Asker: 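The structure that follows is given in the form of structure tokens.
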Amino acid sequence: MTVSKTKSQLNAEKQKRFRERQRDAGKKLVRGYITPEAMSCYEEIRDKTHWKDSEVLSNALRLTYAAYKCGQIQLLTQWLKDHER
């Protein structure tokens, strides 16, 4: 039992160090760590649409999947590059 507790403590410390490194790199946790540029896009989407976090994620996945199914991923990627996103 001591061994599993030690492993649990080691994992918790490892996760804590990871979270600290992400914060130090300027990333914020929003269902995963994102860069400051991505955070500004996320905030812009939330401001314009008034969607909750789960709605933003769901709709982003739907949009990406629809672009994939219609063969428009390249178009979506080009738009993001053109608008420096």
Side-chain angles (χ1 to χ4, degrees):
M1 204 164 229
T2 312
V3 174
S4 66
K5 186 174 182 181
T6 303
K7 285 184 181 180
S8 297
Q9 289 174 339
L10 291 174
N11 284 339
E13 291 172 5
K14 185 177 177 182
Q15 290 174 0
K16 183 178 178 184
R17 287 192 305 269
F18 174 77
R19 288 190 298 270
E20 289 171 353
R21 280 195 311 269
Q22 295 301 314
R23 267 181 276 171
D24 292 344
K27 297 180 180 178
K28 184 176 177 184
L29 179 63
V30 179
R31 293 190 183 255
Y33 288 94
I34 61 173
T35 62
E37 295 86 17
M39 189 63 198
S40 68
C41 291
Y42 172 78
E43 291 296 330
E44 183 179 345
I45 290 168
R46 285 188 52 206
D47 290 343
K48 288 182 178 181
T49 62
H50 304 290
W51 290 339
K52 298 178 189 128
D53 179 48
S54 60
E55 293 170 321
V56 170
L57 178 63
S58 177
N59 289 329
L61 289 172
R62 288 177 182 178
L63 175 65
T64 305
Y65 183 72
Y68 165 75
K69 289 302 274 186
C70 295
Q72 299 296 319
I73 288 291
Q74 186 176 8
L75 179 66
L76 180 59
T77 303
Q78 189 60 44
W79 185 90
L80 292 169
K81 286 180 183 177
D82 291 347
H83 291 85
E84 298 178 357
R85 300 296 174 137

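As the structure is a prediction and not an experimental result, all values here were calculated from the model.
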Asker: Which atom pair, heavy atoms only, marks the closest approach of G26 to P36?
Answerer: O-CG, 3.3 Å
Asker: To the nearest 0.5 Å, what is the distance between CG (D47) and CD (E44)?
Answerer: 8.0 Å
Asker: Got a second to check how far L10's CG is from T6's OG1, nearest 0.5 Å?
Answerer: 6.5 Å
Asker: Report the residue from E13, K14, E20 that forms a side-chain contact (heavy atoms from CB on, under 4.5 Å) with K16.
Answerer: E20
Asker: Answer yes or no: is there a side-chain heavy-atom contact under 4.5 Å between L76 and Y68?
Answerer: no
Asker: What pair of heavy atoms forms the shortest contact from W51 to V56, and how long is it?
Answerer: CB-CG2, 3.8 Å
Asker: Is a donor on one side and an acceptor on the other found under 3.5 Å between the side chain of S40 and the backbone of E37?
Answerer: yes
Asker: Given 3.5 Å as the limit, does a donor-acceptor pair link the side chain of E55 with the main chain of K52, or not?
Answerer: yes
Asker: Looking at SG of C70 and CG of L75, how far apart are the two atoms once the value is rounded to the nearest 0.5 Å?
Answerer: 11.0 Å
Asker: Give a yes or no on whether the backbone of A60 and the side-chain of T64 come within a donor-acceptor separation of less than 3.5 Å.
Answerer: yes
Asker: Taking atom CD as the centre, does Q74 end up with more than 12 heavy-atom neighbours from other residues, nucleotides or ligands that are less than 6.0 angstrom away?
Answerer: no
Asker: OG1/T35 to CD/Q22 distance, rounded to the nearest 0.5 angstrom?
Answerer: 11.0 Å
Asker: Kindly compute the distance separating CD1 (I45) from CG (N59), expressed to the nearest 0.5 Å.
Answerer: 9.5 Å
Asker: Side chains of Q15 and N11: donor-acceptor distance under 3.5 Å anywhere?
Answerer: no
Asker: Quick one: CZ on R62 to OH on Y65, what's the gap to the nearest 0.5 Å?
Answerer: 12.5 Å
